[in-house]
There are 2 protein chains.
Amino acid sequence: MRDPQHPDPSEITLPRVLAALSDPIRLGLVRLLADGQERGWGELRAPVAKSTLSHHLKVLRDAGVTQTRQEGTRCFVQLRRTDLDTRFPQLMAALLSVAAADDIGGDVTAAR
Amino acid sequence: MRDPQHPDPSEITLPRVLAALSDPIRLGLVRLLADGQERGWGELRAPVAKSTLSHHLKVLRDAGVTQTRQEGTRCFVQLRRTDLDTRFPQLMAALLSVAAADDIGGDVTAAR
DNA sequence: ACCTTCATTCGACAATCAACGAACATCGAA
DNA sequence: TTCGATGTTCGTTGATTGTCGAATGAAGGT
């Protein structure tokens, strides 16, 4: 378990973010995090193996969409809403609104 | 040259559109078409082979982002702005604004 | 008819991706 | 220190992607 690396706000690029959000599961994860609440890895329920979920979280993290924090053996993930809104004004709002309307990634939920 | 097929507005999905727009060249093409103006294939200048450009235009068309019209041997392409705005309110506006600010796909231009 | 122009399609290639199970590493608790 | 829980990494597999050049198909002009 290495230190997760996060790109600087200035390193966040539009094509990369769009690629990260072009997957229904990742879009579902982002929807789940849209309330700004930090979530534990263990809360996340998605219809994929845990290694696949780890991969998706890494893609989101590498794109600068989420931030991961470690506490002991557990990970907590959070949407980088402020950075994203600064970098891409109105984008997340529009995206989240559409994703909710179409229920994209609705099979991603949170337990607990 | 077969009849180009376009998805119905209801068939346009967010993940597909985001995937289509996650490529700098395609984003550049969309920026070029953002004024609503119809453009001839021959006007489009992008740093790729013509077969590659044709491929990118097909990806955009299949995702429902653009509309292609044939007139004789020539093709004209246009952004499906109304359909996109109906389906995804505010999304294109936010996207185009950011793409312009970052000059994503700036190497895609129009001659004539 | 023939040739030119224009755009798509084909075939090939290397690269990337989503997905899985298994192995590994790390930390807290027993 | 051994164990269990947690998350990452590895190796693989099948599918998709971006790219090119060459071949193909469709009009239009000569």
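In what follows, every chain begins at residue 1, and chains take the letters A, B, ... in the order their sequences are listed. All values below were derived from every heavy atom in this structure, side-chain atoms included, with hydrogens, water molecules and symmetry-related copies excluded.
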Please determine whether side-chain contact (heavy atoms from CB on, under 4.5 Å) holds for the pair B/T68 and B/H6, giving the CA-CA distance in whole Å, both sets of side-chain angles, and the decisive distance to 0.1 Å.
CA-CA 8 Å; B/T68 297; B/H6 301 91; 4.0 Å; yes
Would you kindly give the CZ-to-C1' distance between A/R69 and C/dT26, to the nearest whole Å?
17 Å
Taken to the nearest whole Å, CD/A/Q70 to P/C/dA25 is 16 Å
Near-strand residues of residues 52-65 of chain B, defined as heavy-atom separation under 4.0 angstrom from DNA chain C
B/S54, B/R61
What's the closest nucleotide to the side chain of A/A49 if the choices are C/dG21, C/dA19, D/dT19?
C/dG21
Is there, by distance only and without an angle test, a donor paired with an acceptor across the side chain of A/T73 and the base of D/dG7 below 3.5 Å?
no
Can you check the A/K50 NZ to C/dA18 C1' distance for me, whole Å?
18 Å
Non-hydrogen side-chain atoms of A/T52 and A/H56 separated by less than 4.5 Å:
yes
Residues which pass salt bridge (Lys or Arg N to Asp or Glu O under 4.0 Å) with B/D107, listed by chain and number, not counting sequence neighbours:
none
Can a donor-acceptor pair be found, under 3.5 Å and without considering hydrogens, that links the side chain of A/E11 to the backbone of A/D8?
no
Once you round it to whole Å, what is the distance between P of D/dG7 and CZ of A/R45?
10 Å
Quick one: does A/L60's side chain get under 4.5 Å of A/V77's, heavy atoms only?
no
Please state how far atom CZ in A/R74 lies from atom C1' in C/dG28, giving the value in whole angstrom units.
10 Å
Atom CG of B/L21 to atom C1' of D/dG18: distance rounded to whole Å?
16 Å
Taking the side chain of A/S51 as its heavy atoms from C-beta onward, which of D/dG7, D/dG18, C/dA22 lies nearest to it?
C/dA22
Grab the CG-P distance between A/L27 and C/dA18 for me, whole Å please.
13 Å
Give a yes or no on whether a salt bridge exists between B/K58 and B/D62, defined as a side-chain N under 4.0 angstrom from a carboxylate O.
yes
According to a strict under-4.0 Å criterion, is B/W41 in side-chain N/O contact with OP1 or OP2 of C/dT5?
no
Side-chain contact, heavy-atom cut-off 4.5 Å: B/L91 with B/L84?
no
Check the distance between C/dA18's P and A/D107's CG and give it to me in whole angstrom.
15 Å
